[in-house]
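This report refers to the structure that appears directly beneath it.
So that the names make sense, note that chain A is the first sequence line, chain B the second, and so on, each numbered from 1. Everything quoted here is computed from the prediction, not taken from an experiment.
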2 protein chains.
Amino acid sequence: MPSPPTVATPAAGLHPDDIVEVAHRLISTHGLEWFSMRKLAAALDVNPMTVYLRFDSKDDLLDAVARRGLASVELPELTGATWDERALSLCVALRDHLLADRNLLALYATANRLSGAVLQAVEQGLRLVEEIGYRDDAAVLAFRSLFWHTVGFTLLHNSFESFPADQPGGIDDAVGGIDAETHPTFARHLPSFTAVDGDELFVHTTRLIVAGLAGNAPEPQEHR
Amino acid sequence: MPSPPTVATPAAGLHPDDIVEVAHRLISTHGLEWFSMRKLAAALDVNPMTVYLRFDSKDDLLDAVARRGLASVELPELTGATWDERALSLCVALRDHLLADRNLLALYATANRLSGAVLQAVEQGLRLVEEIGYRDDAAVLAFRSLFWHTVGFTLLHNSFESFPADQPGGIDDAVGGIDAETHPTFARHLPSFTAVDGDELFVHTTRLIVAGLAGNAPEPQEHR
DNA sequence: ACCTGAACACCGTTCAAGT
DNA sequence: ACCTGAACACCGTTCAAGT
């Protein structure tokens, strides 16, 4: 080996992975809004500018944090008597993982390169659609319907929680009073506009897509 | 007329609606990231603090801007030979409206009280599901599947555009090389992981949901 | 009563200067 | 070569002071 390390390891041995790990923990604990490059540096006990020697910008760093969180997805083996049930359970498991770290969710929403990073989900999703005969481009399209449906609904989760029906005044107040003349159907259904149950709506909609994929499949399974 | 305007009209007659309109225009033109309370005040030719006499905080103001943009949704009369086609065209029209003002999209993503503000879409959506027999809570659930599916996919639109397959290096590079041993199915399908066509994927998935809603309907229509 | 200027406590990022 | 301190150009928001 060459000369001994007379040179102090850069930034006290500050490895990019360590920065990403600490940033992940801070965001997970305090939220994305709280997080700043200066607070990260303080947590690392380092000059605020040192982080910029490893990452070009805050956006770059956040992208790395998001990819780290997504790559760590590990899904359970899929169980279920029917294909439909297994497909549903994959979507639910992926959603649960994304929701597990609620403060990271806002980050995933803006992360580039999202789907490729969720390796486990891609692998299992593709295997699933192959089971019922989807191949090549058709398999990827079928997988993508399920995958992006799940991601989209998951990102909406916070919107459901702040739904008008949950607020004082309810939905009628929120939209400034619904005019029964211009929107009669809406007005008639107002009593049914209770708070959205995000879990229920997700499962309901996922079942529709799953049934559609199974019904159109090249090799539909029996006992569905 | 009474005394001449010795008293300057408050903030030069600054009405909350005017503030919201100018904020909307600035965000639409320059983007949400560019926008700030100070720049808004400059555009209004007013002291930065004057806006705070009308809105408690930046978040409050942005919420008002988002609701203004959503309340203005006007959808075309639905045409189409079959129920499925009309349901699809409603979803596409809503998505087109949300995508029309791309810089506002980021705002909608965080807006509270989203669905109630899209009056036109709610009215037409409920009318549509009633056509095939959905009533009361079942009608609202069916509508919500369509509505939130559409909103979720629309919010994802920017993610599709930054998909790895579009980047130099492609998807394989983006996830650090896909291991054929641990993710064989993914590896085998890599050639099919081209850029996501957001429009195509949306229409494809919407058709699955629409068909599911029609198939499960209390009064399924003929000639579908 | 209504508005403003200055100030507070922050940001992300650049860059000349230190070791 | 590697790191840092000070500085730049901003933020959202508070509040005492003006008219």
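- The pair A/Arg144-B/Glu200 does not count as a salt bridge, with every side-chain nitrogen at least 4.0 angstrom from each carboxylate oxygen.
- Per the geometry, CZ belonging to B/Phe55 stands 15 Å off P belonging to D/dG12, to the nearest Å.
- D/dC2 and C/dA17 are spaced 13 Å apart, taking the C1' atom of each and rounding to whole Å.
- The nearest whole Å value for the distance from the CG atom in B/Leu53 to the C1' atom in C/dG5 is 14 Å.
- Regarding contacts with the backbone of C/dT4, a side-chain N or O of B/Thr50 is found under 4.0 angstrom from either OP1 or OP2.
- Across all strands, A/Met37 comes closer than 4.0 Å only to sugar-phosphate atoms, never to a base (heavy-atom distances).
- With both pairing distances under 3.5 Å, C/dC11 is matched to nothing as a Watson-Crick or G-U wobble pair.
- Distance, B/Glu33 CD to D/dC10 C1': 14 Å, rounded to whole Å.
- The distance from atom CG of B/Asp45 to atom P of C/dT4 is 10 Å, rounded to the nearest whole Å.
- Residues B/Asp137 and A/Ser192 bring a donor and an acceptor atom of their side chains to less than 3.5 Å of each other.
- Put simply, B/Lys39 has a side-chain N or O that comes within less than 4.0 Å of OP1 or OP2 on D/dC11.
- Taking 4.0 Å as the cut-off between side-chain N and carboxylate O, A/Asp17 and A/Arg68 do not count as a salt-bridged pair.
- Taking the six-membered ring for Trp and thresholds of 30 and 60 degrees, B/Trp34 and B/His30 have nearly parallel ring planes, at less than 30 degrees apart.
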